[in-house]
Undergrad: 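Have a look at this one before I ask anything.
To find a chain, count down the sequence lines: A is the first, B the second, and so on, and within it residues start at 1.
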Number of protein chains: 2
Amino acid sequence: MGTKKENSTNSINAQYLTQECDLTYAVCKIGGRWKLLILCKLENGKLRFSEIRRRIPGITERMLTLQLREMEKDGLVKRTVYAEVPPRVDYELTEIAEELVPIWKQLDQWGKKHRELIQSQIVPVECNHEN
Amino acid sequence: MGTKKENSTNSINAQYLTQECDLTYAVCKIGGRWKLLILCKLENGKLRFSEIRRRIPGITERMLTLQLREMEKDGLVKRTVYAEVPPRVDYELTEIAEELVPIWKQLDQWGKKHRELIQSQIVPVECNHEN
DNA sequence: CCGTATCCTAAAAGATACTG
DNA sequence: CAGTATCTTTTAGGATACGG
């Protein structure tokens, strides 16, 4: 105890961000493999821990917890614990996180477009007999 | 030789992307610590290797090369080599990468806003005598 | 000038078991 | 249900030296 560790993903934060450009700052806050993906699940309202989890195939509980905690700390999600048995916790976007919605929508669109573009280019040299 | 390695940052690519959502795909293409930062330097036109390098404090040649190569492969930057001595190489955004410009601009704006917001919240308990 | 090649460290992420 | 706690693997990224 006392040895803080395992607290932050995107540890770029500490050094590089204090005076760095806002883009780098933003990337550190919402970058990484999971964050945007988690946030976008909350786009339509509150979700419970297990609901988020089910919507993100492949994420472990540990990772989800880690990312959620970090985003809570960064003011991106609001965590609400209900004093019930069995326990119930839900997560929702904060105002500042809501402002990211258009960004990830565009990014999603871009991803789709890029993927299609790339796929149309990699027409294999040897013709695929499937078609 | 033959053992491919050290080829990809964001190696999430391989497995998770084939059928994954477009957002994850996009994150893999332009995520990571450096890519957006590099791309945005090219926003106003071609730049040489050394120029990019100078504009990104803290990046090593190795990292810059790695990221540029990967983005070239992914169709995000176009690399042009001039047969001169001393050698000259420049990089520019591809069309599909140009479409990211509004996205990183918004992200930059968001970063600025978030940073200010957070800073205004962390008003220290003990008043700072500097002001 | 524009990179590679090696070697290395530190994070991120995964597997698994356990708990209030 | 909603997490922690460990442990291990994998990957990103850095330092440095050298090369066409």
Undergrad: Base, sugar-phosphate or nothing for B/Thr65? Non-hydrogen atoms, less than 4.0 Å.
TA: base
Undergrad: Using a 4.0 Å heavy-atom cut-off, does A/Arg48 contact any base of the nucleic acid, only the sugar-phosphate backbone, or nothing at all?
TA: sugar-phosphate
Undergrad: Give a yes or no on whether a salt bridge exists between B/Glu70 and B/Lys35, defined as a side-chain N under 4.0 angstrom from a carboxylate O.
TA: yes
Undergrad: Using a heavy-atom cut-off of under 4.0 Å over every strand shown, decide if B/Arg79 touches base, sugar-phosphate, or nothing.
TA: sugar-phosphate
Undergrad: On DNA chain D, check which nucleotide each of B/Ile59 and A/Pro87 is closest to and give me the residue with the more 5' one.
TA: A/Pro87
Undergrad: So, does B/Arg54 get its side chain near the phosphate of C/dC2, meaning an N or O under 4.0 Å from OP1 or OP2?
TA: no
Undergrad: For the pair made of NZ in A/Lys35 and P in C/dA12, what is the distance, rounded to whole Å?
TA: 9 Å
Undergrad: Tell me whether the count of non-hydrogen atoms from other residues, nucleotides or ligands lying under 6.0 Å of CD in B/Glu84 goes above 12.
TA: yes
Undergrad: Donor-acceptor pair, B/Trp110 side chain versus A/Ile96 backbone, under 3.5 Å?
TA: yes
Undergrad: How long is the line joining CZ of A/Arg69 and P of D/dA5, in whole Å?
TA: 11 Å
Undergrad: I want to verify a distance call: between C/dA13, D/dC1, C/dG3, whose nearest atom is closest to the B/Phe49 side chain?
TA: C/dG3
Undergrad: Nearest-Å distance, CG (A/Leu66) to P (C/dA13)?
TA: 9 Å
Undergrad: In this structure, how many angstroms lie between the P atom of C/dA12 and the CG atom of A/Leu68, rounded?
TA: 16 Å
Undergrad: Contact class for A/Tyr82 vs. all strands (heavy atom < 4.0 Å): base, sugar-phosphate, or nothing?
TA: nothing
Undergrad: Any link between A/Val85 and A/Tyr82 through a network of hydrophobic side chains (Ile, Leu, Val, Met, Phe, Trp, Tyr) touching at under 4.5 Å?
TA: no
Undergrad: Whole-Å distance between D/dA2 C1' and A/Gln67 CD?
TA: 17 Å
Undergrad: Send over the distance from A/Trp34 CH2 to C/dG14 P, rounded to a whole Å.
TA: 5 Å
Undergrad: Whole angstroms only, please: what is the CD-C1' distance between A/Glu72 and D/dA2?
TA: 13 Å
Undergrad: Among B/His114, B/Lys113, B/Lys112, whose side chain to side chain donor-acceptor pair (under 3.5 Å) with B/Glu116 holds?
TA: B/Lys112
Undergrad: For A/Arg88 and D/dC1, what is the distance between atoms CZ and P respectively, to the nearest whole Å?
TA: 13 Å
Undergrad: Verify the contact: side-chain N or O of B/Ser50 to OP1 or OP2 of C/dC2, cut-off strictly under 4.0 Å; return yes or no.
TA: yes
Undergrad: Is any side-chain N or O of B/Arg62 under 3.5 Å from a base N or O of C/dG3, one able to act as donor and the other as acceptor?
TA: no
Undergrad: If you only use heavy atoms from C-beta on, which nucleotide in C/dG14, D/dG14, D/dG3 is closest to the side chain of A/Thr60?
TA: C/dG14
